[in-house]
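Starting from 1, each residue takes its place in the sequence as its number.
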Amino acid sequence: MTSARRCSRTACGRPAVNTLTYVYADQTAVLGPLATYAEPHAYDLCEAHSERLSAPRGWEVMRLAPDPSTLEPSSDDLLALADAVREAARPVPAVAQTAGLQTETGRETARRGHLRVLSND
């Protein structure tokens, strides 16, 4: 899977692999795996900039390694995907009835987008 997010460093177009955040109260820079979504107060960094990262004097840099078990799809992910494929492959019933609604009477004479015009003939 390729990331659509790019490194936050100026003039760097490489794909981001890590996210950098700061904990100002503890004077700590935290570099961890790429965050699920981009946040305005976090910086996405490519591999090269992640390796060369340094913090201001007196600050600590914490480098969090990714959990190896999260790098591959779990069995739950694969089962959910298989269930979604099975659900999408199910045939749609000819006359779909919903609770509390009567079946349609009439035939379709025209269509506009998702709306249908039915006649009572």
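Residues C46 and C12 have side chains in contact (heavy-atom distance under 4.5 Å, counting atoms from C-beta outward). Side-chain contact between L53 and R63 is present, with heavy atoms from C-beta onward closer than 4.5 Å. L45 has its side chain within reach of L31: a pair of non-hydrogen atoms, C-beta onward, lies under 4.5 Å apart.
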Apply side-chain contact (heavy atoms from CB on, under 4.5 Å) to D44 and R6, showing your working. CA-CA 7 Å; D44 296 334; R6 299 284 173 199; over 6 Å; no
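Residue R14 comes nearest to A48 through the heavy atom pair NH2-CB, 3.8 Å, listed as atom of the first residue, atom of the second, then distance. In terms of heavy-atom proximity, A35 sits nearest to T19 at N-OG1, 2.8 Å. Nearest heavy atom pair, residue A55 against residue V61, reads CB-CG2, 3.4 Å.
By the 4.5 Å side-chain criterion applied to Ile, Leu, Val, Met, Phe, Trp and Tyr, L64 is assigned to a cluster that also includes V23, V30, M62.
Residue pairs satisfying the ring pair (Phe, Tyr, Trp, His ring centres under 6.0 Å) criterion with at least one member in residues 23-43, sequence neighbours excluded, are listed as follows: Y22-Y24, Y24-W59.
Every side chain to side chain donor-acceptor pair (under 3.5 Å) that R52 has, sequence neighbours left out, goes to H49.
Separating the CG atom in N18 from the CD atom in E51 is a distance of 9.0 Å, to the nearest 0.5 Å.
Heavy atoms from other residues, nucleotides or ligands lying under 6.0 Å from CD of E47 number 12 at most.
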